[in-house]
Amino acid sequence: MEKKIRMPKLSPEMQKGVLVAWTKAPGDAVKKGDVLFEVETEKVVSEVEANEDGVLGAVYFEEGDEVAVDETVALLETDNG
């Protein structure tokens with residue numbers, strides 16, 4: 001099953017963030033708690049972790065892209081239905 005990975009709202013004021021770095025590539029195995037990507041907001045860089053195990057599928061944004069809160073940044077292929 002594909003699960004959408006969305007840009008999280010990391011602060012009450014956050015409207016969008018810059019995707020600073022991917023730590024996983026499409027096809028990589030992902031464990032719950034693994035860092036998937038880093039986001040910069042208001043000069044603070046935060047790590048975004050996986051909520052479950054799977055394989056990173058499609059990635060919709062590149063490093064340096066500005067992404068709105070709640071926009072889908074990637075898909076995680078899981079065994080959970």
Side-chain angles (χ1 to χ4, degrees):
M1 176 176 205
E2 291 183 339
K3 300 272 182 135
K4 293 180 180 179
I5 300 169
R6 300 181 185 272
M7 176 62 74
K9 186 170 184 137
L10 301 171
S11 71
E13 304 82 29
M14 182 178 170
Q15 299 296 314
K16 54 191 164 185
V18 175
L19 200 152
V20 176
W22 284 101
T23 59
K24 298 287 185 180
D28 285 354
V30 175
K31 296 288 184 191
K32 182 177 180 174
D34 284 355
V35 175
L36 296 174
F37 59 95
E38 297 176 351
V39 176
E40 181 178 348
T41 61
E42 301 164 13
K43 303 301 176 192
V44 175
V45 176
S46 301
E47 296 178 334
V48 177
E49 298 178 351
N51 291 329
E52 58 189 294
D53 296 348
V55 174
L56 188 61
V59 171
Y60 300 122
F61 292 95
E62 295 179 12
E63 294 174 355
D65 287 348
E66 194 170 66
V67 184
V69 167
D70 208 35
E71 188 146 4
T72 302
V73 295
L75 293 177
L76 184 66
E77 298 168 11
T78 68
D79 291 333
N80 298 336

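Here the closest heavy-atom approach between residue G57 and residue P26 is recorded as O-CB, 3.4 Å. Pairing each heavy atom of G17 with each of T41, the nearest pair is CA-CG2, 4.0 Å.
Cluster membership for V55 and V48, using ILVMFWY side-chain heavy atoms within less than 4.5 angstrom, is not shared. Criterion: ILVMFWY side-chain heavy atoms under 4.5 Å apart, direct or through other members. Under it, V35 and L56 are not part of a common hydrophobic cluster. Cluster membership check: I5 shares its hydrophobic cluster with M14, using side-chain heavy-atom separations under 4.5 Å among Ile, Leu, Val, Met, Phe, Trp and Tyr. Hydrophobic clustering (side-chain heavy atoms under 4.5 Å, transitive across Ile, Leu, Val, Met, Phe, Trp, Tyr) keeps F37 apart from V18. F61 and L36 end up in the same hydrophobic cluster when Ile, Leu, Val, Met, Phe, Trp and Tyr side chains are linked at under 4.5 Å.
Under the salt bridge (Lys or Arg N to Asp or Glu O under 4.0 Å) criterion, E66 pairs with K16, sequence neighbours left out.
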Item to complete: Step by step, work out the side-chain contact (heavy atoms from CB on, under 4.5 Å) result for K3 and L75.
Response: CA-CA 6 Å; K3 300 272 182 135; L75 293 177; over 6 Å; no

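The side-chain heavy atoms of W22 and V73, taken from C-beta on, include a pair separated by under 4.5 Å. In this structure, the side chains of D70 and M7 stay at 4.5 Å or more apart for every pair of heavy atoms.
Atom CG in L76 sits 13.5 Å away from atom NZ in K4 (nearest 0.5 Å). To the nearest 0.5 Å, the span separating CD on E71 from CG on D65 amounts to 10.0 Å.
Residue E62 places its CD atom among 12 or fewer non-hydrogen atoms of other residues, nucleotides or ligands, all under 6.0 Å distant.
Sequence neighbours left out, the pairs with a member in residues 22-32 that pass salt bridge (Lys or Arg N to Asp or Glu O under 4.0 Å) are K24-D34.
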